[in-house]
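Beneath this line is the structure, given in structure tokens, with notes to follow.
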Amino acid sequence: MPTEDVNALADAIVRTVAAPPDTTRAQQLMLDRFGIDRLVMDLDQLYRGILAKKGKL
């Protein structure tokens with residue numbers, strides 16, 4: 001779509017608002033990548049790795 005085609009942009013916006021895309025999969029991917037469960041798991045692995053290197057685990 002050419003950047004100067006404001007009618008095409010407006011039509012695309014109206015179509016998207018009228019029938020929003022299914023974002024369920026995208027939302028799940030973001031939760032898997034950036035959610036609290038992932039953060040806790042990553043921090044646990046980090047701290048266990050540090051402790052193992054220091055011989056404390």
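No hydrogens, no waters, no symmetry mates; every other heavy atom, side chains included, goes into these values. Just so we're clear, the structure is a prediction, and the values are computed from it rather than from any experiment.
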TODO: Is it possible for you to say whether Met41 and Leu46 belong to one hydrophobic cluster, with membership spreading through side-chain heavy-atom contacts below 4.5 Å?
DONE: no
Open item on the list: Can you tell me which residue among Asp44, Ile50, Leu51 is in a side-chain contact (heavy atoms from CB on, under 4.5 Å) with Arg48?
Closed with: Asp44
Open item on the list: I need the Leu39 CG to Leu43 CG distance, nearest 0.5 Å.
Closed with: 4.5 Å
- [ ] Verify side-chain contact (heavy atoms from CB on, under 4.5 Å) between Arg38 and Asp42, making sure each step is shown before the conclusion.
- [x] CA-CA 6 Å; Arg38 172 68 184 266; Asp42 289 349; 3.1 Å; yes
